[in-house]
Amino acid sequence: MKVLVAVKRVVDYNVKIRVKSDGSGVDNAGVKMSMNPFDEIAVEEAVRLKEHGKVAEIVAVSCGVAACGETLRTAMAIGADRAVLVETEAELQPLAVAKLLKAVVEKEGVQLVIMGKQAIDDDANQTGQMLAALLGWSQATFASKVEIDDTQAKVTREVDGGLETIAVKLPAVITTDLRLNEPRYVTLPNIMKAKKKPLDTLKPEELGVDVSPRLKTLKVAEPPKRGAGVKVPDVATLVARLKTEAKVI
Ligand code: AMP
């Protein structure tokens, strides 16, 4: 079975983001970029499935600027066999990414897609669901455990207040949650090996996909600054102030 993993290049999760002064978006200039953490989990899961003989080939795909090639090299250092960069300078929204991924899925003839539940930059949580709908495939979102056989995937999902286990027919789209696995460290020898693995570049036009944005960002703002805290002498005063000033109890 051939698996596609989608990996997005995002601002590193350790970076405190800055909003542009005109409120038009986030300032990425000079900021450390990394693979979206949920996508690292997706690559790790695909590699584990390959190590257990369930998967024959892993193709990593990223859509965006040329620098996404670095993210794809990281995916190959974790264990993806090869990579496809869909290169564009255009701002990509989830629907456009889902259409691009659909085109690559069809071109490559894959039976399983594993991707993050959410990108930590736009927090959209849409691309996997849209891709499954566009392909007409089964979907299993927020996966915390995945078992695959030839015809189906048994997926445990993180839902409000517990876990749900479902069986979906293949082909399917699976999106990863935090507890699915702990991605391995990328070792130097594997980084060196990844440099030699094949990375193909395609343009959205070659895939016949119109990536023009459908949504317009009106404003991006930082969260309001929190006021300073106060010290209270005892529990009785705390309770009184929570009742009379904060009015939360
Ligand atoms: P989102 O719907 O934007 O929260 O993203 C959900 C998942 O879709 C991510 O975790 C990635 O696996 C995938 N994805 C989103 N954007 C891209 C992109 N530009 N290139 C590759 N994969 C992407």
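Everything numeric here is computed off the predicted structure, so don't read it as measured data. Counting starts at 1 for both ligands and their atoms, in listed order.
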In this structure, atom 19 (N) of ligand 1 is nearest to the protein heavy atom Cys63 O, 2.8 Å
among protein heavy atoms, the one nearest atom 16 (N) of ligand 1 is Lys8 CD, 3.3 Å
Is it the case that Asn181 and Glu44 place a side-chain donor and acceptor less than 3.5 Å from each other?
no
When rounded to the nearest 0.5 Å, the distance separating CG of Asp160 from CZ of Phe142 is 9.0 Å
| Hey, are Asp149 and Lys154 close enough for a salt bridge, meaning a charged N less than 4.0 Å from a carboxylate O? | no
Closest to atom 3 (O) of ligand 1 by heavy-atom distance, out of Val10, Val84, Leu85, Asp122, is Asp122
the protein heavy atom lying closest to atom 7 (C) of ligand 1 turns out to be Gly116 O, 3.3 Å
Exercise. Mind checking whether Ala119 has an N or O less than 3.5 Å away from an N or O of ligand 1?
Worked result: yes
closest protein heavy atom to atom 21 (C) of ligand 1 is Val7 O, 3.2 Å
A student checking ligand 1 against Asn125 at a 4.0 Å heavy-atom cut-off should list atoms 1 (P), 2 (O), 4 (O)
Looking only at protein heavy atoms, what sits closest to atom 10 (O) of ligand 1 is Asp39 OD1, 2.5 Å
If we number the atoms of ligand 1 from 1 as shown, the ones under 4.0 Å from a heavy atom of Val61 are 21 (C)
message: Looking at Glu89, I want to see if its CD is surrounded by more than 12 non-hydrogen atoms of other residues, nucleotides or ligands under 6.0 Å.
response: no
Here the gap from Arg73 atom CZ to Ile78 atom CD1, rounded to the nearest 0.5 Å, amounts to 14.0 Å
Closest heavy-atom approach to atom 1 (P) of ligand 1 among Thr127, Val104, Thr176 is made by Thr127
Is any side-chain N of the basic residue among Glu57 and Arg82 closer than 4.0 Å to the acidic one's carboxylate O?
-> yes
Per-atom filter on ligand 1: closer than 4.0 angstrom to a heavy atom of Asn36 are 9 (C), 10 (O)
Exercise. Scan side-chain atoms only and decide if Thr141 and Arg157 contain a donor-acceptor pair under the 3.5 Å cut-off.
Key: yes
For a 4.5 angstrom cut-off between non-hydrogen side-chain atoms, does Met115 reach Leu101? yes
Atom 22 (N) of ligand 1: closest protein heavy atom, distance to 0.1 Å, is Ala6 CB, 3.6 Å
In this structure, atom 13 (C) of ligand 1 is nearest to the protein heavy atom Met115 CE, 3.7 Å
Per-atom filter on ligand 1: closer than 4.0 angstrom to a heavy atom of Ala124 are 1 (P), 2 (O), 3 (O), 4 (O)
When rounded to the nearest 0.5 Å, the distance separating CD of Glu45 from OG1 of Thr176 is 8.5 Å
In this structure, atom 14 (N) of ligand 1 is nearest to the protein heavy atom Val97 CG1, 4.0 Å
Margin query: Pair Leu72, Val7 - check side chain to side chain contact (heavy atoms under 4.5 Å, CB included), show working.
Written below: CA-CA 7 Å; Leu72 289 168; Val7 295; 3.7 Å; yes
